[in-house]
Amino acid sequence: MAPIPRLILLFSGKRKSGKDFVAEELQSRLGPDVCTILRLSGPLKEQYAKEHGLDFARLLDASNYKETYREDMIRWGEEKRRTDPGFFCRIVVEGVAQPVWVVCDTRRLSDVEWFRDVYGDLVKVVRIIAMEETRKRRDWVFVTGIDDAESECGLDQGVAFDWVITNDGDQLSLEAQLEKLLQFIQGTFQPPPNI
C-alpha cells in the first residue's frame with residue numbers, strides 16, 4: 001500500500017522553467033520534515049544507469065553527461081511506461097513519510113492519471129512557466145527530439161492546472177505567487193469547520 005500524504009503537488013513545465021528551483025523554495029519554507037521533493041526521473045535514471053553501465057550520480061546533475069544520454073533515456077523510459085504506466089510513480093513514493101509531496105518533474109498525462117487514480121483529491125497540478133527568453137538566459141537551447149517529444153510536451157494540453165506559477169526572474173512576483181501557494185498548503189493542515 002502506498003503511503004498517504006496530506007497534499008501532492010505535481011509540478012510540470014518546460015526545461016529551464018525553474019521547476020526544481022520553485023520546488024526547493026517551497027521545501028525551504030515548509031521544512032524538510034513537512035515537504036519532500038520527489039523526482040520521477042530519479043528511479044528512471046537509476047534503472048537506466050544500471051542497465052547501461054552508466055554513472056547514476058552524473059545522470060542526476062545538470063551536466064553534459066546527462067544530455068549525452070537524454071534522448072535514449074527518454075526512449076527507454078517511454079518503453080517502460082508503455083508496459084506499466086505507474087512503474088516510476090510507484091517507485092518514487094515508496095517509504096515517503098512527509099505530509100506534502102512535490103513531484104517536480106511530472107511530464108506525462110499518464111503520471112498525472114496515476115497520482116489522481118491512487119490519491120484522488122489530494123493531487124493538485126502546478127504548471128511552472130517561463131518565457132523562452134528567460135529559459136535561454138538559463139542556458140536552454142531547443143533540441144529536436146527532446147523539446148518536441150512527449151517528455152516536454154505531454155502536458156501542454158489536456159490537463160487543467162490548479163496553479164500556474166510564472167518564474168521569469170521577477171523575485172517579487174514569484175514571492176507573491178509562492179505566498180498564495182503556501183497559504184493554500186498550510187490550509188490543508190487546518191481541520192474542516194464544524195457545520
Could you work out, with side chain to side chain contact (heavy atoms under 4.5 Å, CB included) as the rule, every residue matching R138, not counting sequence neighbours?
K16, A130, T134, N167
I need the full list of salt bridge (Lys or Arg N to Asp or Glu O under 4.0 Å) pairs touching residues 44-53, with sequence neighbours left out, sorted by first then second residue.
E51-K80
Using the side-chain hydrogen bond (donor to acceptor under 3.5 Å, both in side chains) criterion, which residues pair with S12? Sequence neighbours excluded.
R127
Mind listing the closest non-hydrogen atom pair of D111 and C89 along with its distance?
OD1-SG, 3.8 Å
Are W101 and F115 near enough that their ring centres are under 6.0 Å apart?
no
Please enumerate all residues that pass side chain to side chain contact (heavy atoms under 4.5 Å, CB included) together with V34, with sequence neighbours excluded.
L30, P99, V100, F189
Not counting sequence neighbours, which residues clear side-chain hydrogen bond (donor to acceptor under 3.5 Å, both in side chains) with S173? List them please.
Q177
With sequence neighbours excluded, residues passing side chain to side chain contact (heavy atoms under 4.5 Å, CB included) with E133:
M131, R137
Looking at side-chain heavy atoms only, is the closest gap between L174 and V22 below 4.5 Å?
yes
Working for side chain to side chain contact (heavy atoms under 4.5 Å, CB included), residues E71 and R75
CA-CA 6 Å; E71 194 169 355; R75 179 200 51 74; over 6 Å; no
Any residue meeting salt bridge (Lys or Arg N to Asp or Glu O under 4.0 Å) with K124, in chain and number order, not counting sequence neighbours
none
I need the full list of salt bridge (Lys or Arg N to Asp or Glu O under 4.0 Å) pairs touching residues 26-43, with sequence neighbours left out, sorted by first then second residue.
D20-R39, E24-R39, E25-R29, R29-E175
Please find the pair of heavy atoms, one from A23 and one from V102, that lie closest to each other, and give the distance.
CB-CG1, 3.7 Å
Those residues at least two apart in sequence (or on a different chain) that pass side-chain hydrogen bond (donor to acceptor under 3.5 Å, both in side chains) with R116 are none
With rounding to the nearest 0.5 angstrom, report the CG to CH2 distance, L178 to W163.
10.0 Å
Short N-O contact, K136 and E132, less than 4.0 angstrom
yes
Residue pair R70, E67: steps toward the salt bridge (Lys or Arg N to Asp or Glu O under 4.0 Å) verdict:
CA-CA 5 Å; R70 181 185 288 272; E67 296 305 320; 2.8 Å; yes
So, E152 and R107, do they make that salt bridge, N to O below 4.0 Å?
yes
Backbone N/O of G13 and side chain of K19: donor-acceptor pair under 3.5 Å
yes
Heavy-atom side-chain contact between P5 and V96 under 4.5 Å:
no
Apart from F87 itself, what residues make up its hydrophobic cluster when side-chain heavy atoms of I, L, V, M, F, W and Y under 4.5 Å apart count as a link, directly or indirectly?
L44, Y48, L54, L59, Y65, Y69, M73, W76, F88, I91
Check the pair V126, D162 against side chain to side chain contact (heavy atoms under 4.5 Å, CB included), reporting the backbone distance first and the verdict last.
CA-CA 6 Å; V126 181; D162 298 291; 5.8 Å; no
Could you grab the distance from atom CZ of F161 to atom CG of L10, nearest 0.5 Å is fine?
10.5 Å
Counterpart residues, side-chain hydrogen bond (donor to acceptor under 3.5 Å, both in side chains), relative to E78 (two or more places apart):
R108
Mind checking whether S110 and R81 have side chains closer than 4.5 Å, heavy atoms only?
yes
Taking all non-hydrogen atoms of both residues into account, name the closest pair between G42 and L60 and its distance.
CA-CD2, 4.3 Å
Which value, rounded to the nearest 0.5 Å, describes the distance between Q98 atom CD and I37 atom CD1?
10.5 Å
Roughly how far, to the nearest 0.5 Å, is CG of L181 from CD of Q186?
10.0 Å
So, taking the atom named CG in L122 and the one named CG in L9, what distance separates them when rounded to the nearest 0.5 Å?
10.5 Å
Looking at T188 and I185, what are the two nearest heavy atoms and their distance?
OG1-O, 2.5 Å
Atom pair CG (N64) and CZ (R58), whose distance is rounded to the nearest 0.5 Å:
9.0 Å
Does the side chain of T106 reach to within under 4.5 Å of the side chain of V125, using non-hydrogen atoms?
no
Can you check whether L155 reaches V112 side chain to side chain, under 4.5 Å on heavy atoms?
yes
Cluster check I129, L172: I/L/V/M/F/W/Y, side chain < 4.5 angstrom:
no
Give me the other members of the hydrophobic cluster that F142 sits in, counting Ile, Leu, Val, Met, Phe, Trp and Tyr linked by side-chain heavy atoms under 4.5 Å, directly or via other members.
W140
Pair E94 + R90, salt bridge at N-O below 4.0 Å
no
How about V93 and W114: do any of their side-chain heavy atoms sit closer than 4.5 Å?
yes
